[in-house]
Amino acid sequence: MSALAAIPVRSPLPAELAGSTTVVVGGTSGIGLAAATLLRRLGGRVVLVGRNPERLAAAVAHVREEKPAEGEPLLGEAVLGVAADGADEGALAEAFDLAGSVDHVLVTSGGLTGAGPVTEVSAGDVRAAFEERVLGAFAAARLAAARLSAGGTITLTSGTHVLRPQPGMAGPLAAVGAVETFTRALAVELAPRRLRVNAVRYGVIDTPLMRGASGLATDAAMAAAGAGTLLGRYGTAEEAAASALFLMANAYVTGQVITVDGGQSLV
Ligand SMILES: NC(=O)c1ccc[n+]([C@@H]2O[C@H](COP(=O)([O-])OP(=O)(O)OC[C@H]3O[C@@H](n4cnc5c(N)ncnc54)[C@H](OP(=O)(O)O)[C@@H]3O)[C@@H](O)[C@H]2O)c1
């Protein structure tokens with residue numbers, strides 16, 4: 001790894017998010033967990049949602065360790081968790097109920113459901129991918145649209161593979177592409193309520209999902225594989241999360257899918 005690749009970079013964080021409450025669907029690992037940690041650092045409240053109860057408990061404990069720089073004007077518990085499938089609207093409603101009042105919703109849930117050669121995956125596998133991605137976004141959007149006040153946001157997740165697909169990813173990527181379209185359509189629909197809807201299209205980000213999918217289990221393997229990219233490394237979960245916080249905070253951005261990939265898609 002070159003000396004340049006090792007320079008730690010801190011993305012600027014929007015202080016306006018202090019005191020806000022965010023439901024993070026997929027907040028128990030990777031980009032979602034990093035977002036929850038940054039929001040807490042800024043003095044926000046977070047409700048983490050993930051399916052695995054042990055991972056949820058560990059994530060809640062991890063985020064609770066984060067101490068905001070400023071004093072705490074917050075009412076109630078600052079870090080909460082709900083074990084739920086994000087595509088289950090009834091179960092997801094519990095997270096909103098627990099939060100009481102919600103300002104922002106970030107959806108980073110989703111994995112490799114439906115992946116495999118098109119001749120080998122079943123219609124059921126692809127249906128599951130759409131349930132996970134599209135119905136997950138839909139459930140979050142329905143709850144958010146009913147409960148968020150003007151100024152609230154919904155931030156969804158995509159990936160650069162929608163533009164540069166890899167073999168065996170047709171099912172999941174069809175669902176991810178639908179999330180991008182959903183983002184734009186929902187932004188138009190909810191604009192009169194002054195709710196904003198955006199998505200982040202990520203390149204390769206160093207997370208448990210990415211390490212598991214790529215087989216790059218060690219830091220050294222990650223660094224070696226990332227060395228050939230434009231910025232000489234893959235993105236960190238924190239950098240990825242910071243872009244979602246930007247979209248939550250900037251009051252004039254809506255209906256956008258912003259690419260955060262370290263320029264990977266340019267070359
Ligand atoms: N990392 C990358 O290189 C990359 C690139 C492009 C796009 N993305 C996308 O970015 C998002 C976050 O990825 P990541 O790398 O941070 O993944 P990650 O480390 O695997 O985290 C995903 C989180 O989502 C939760 N989750 C998954 N399915 C869920 C469901 N149905 N309901 C509720 N929670 C669910 C997981 O917990 P449970 O399993 O316990 O539910 C976990 O907390 C994903 O949508 C991914 O496809 C990632």
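Both counts, for ligands and for their atoms, begin at 1 and track the order of listing. None of these values were measured; they are calculated from a predicted model.
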Specify side chain, backbone, both or neither for [X], according to which of its non-hydrogen atoms lie closer than 4.0 Å to ligand 1.
X      : answer
Arg55  : side chain
Arg133 : side chain
Ile31  : both

Are any of the N/O atoms in [X] less than 3.5 Å from those in ligand 1?
X      : value
Glu132 : no
Val204 : no
Ile205 : yes
Ser29  : yes
Asp85  : yes
Tyr202 : no
Gly27  : no

Contacting atoms of ligand 1, where contact means under 4.0 angstrom from a heavy atom of [X]:
X      : result
Thr157 : 9 (C), 10 (O), 11 (C), 45 (O)
Asn52  : 40 (O)
Gly30  : 16 (O), 19 (O)
Gly159 : 6 (C), 7 (C)

Of all the heavy atoms in [X], does at least one lie under 4.0 Å from an atom in ligand 1?
X      : value
Ala84  : yes
Pro208 : yes
Arg201 : no
Ser158 : yes
Ala240 : no

- Query: In terms of side-chain geometry, is the basic nitrogen of Arg211 or Asp206 positioned less than 4.0 Å from the acidic oxygen of its partner?
  - Reply: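 Looking at Asp206 together with Arg211, the answer is yes, because their closest N to O distance falls below 4.0 Å.
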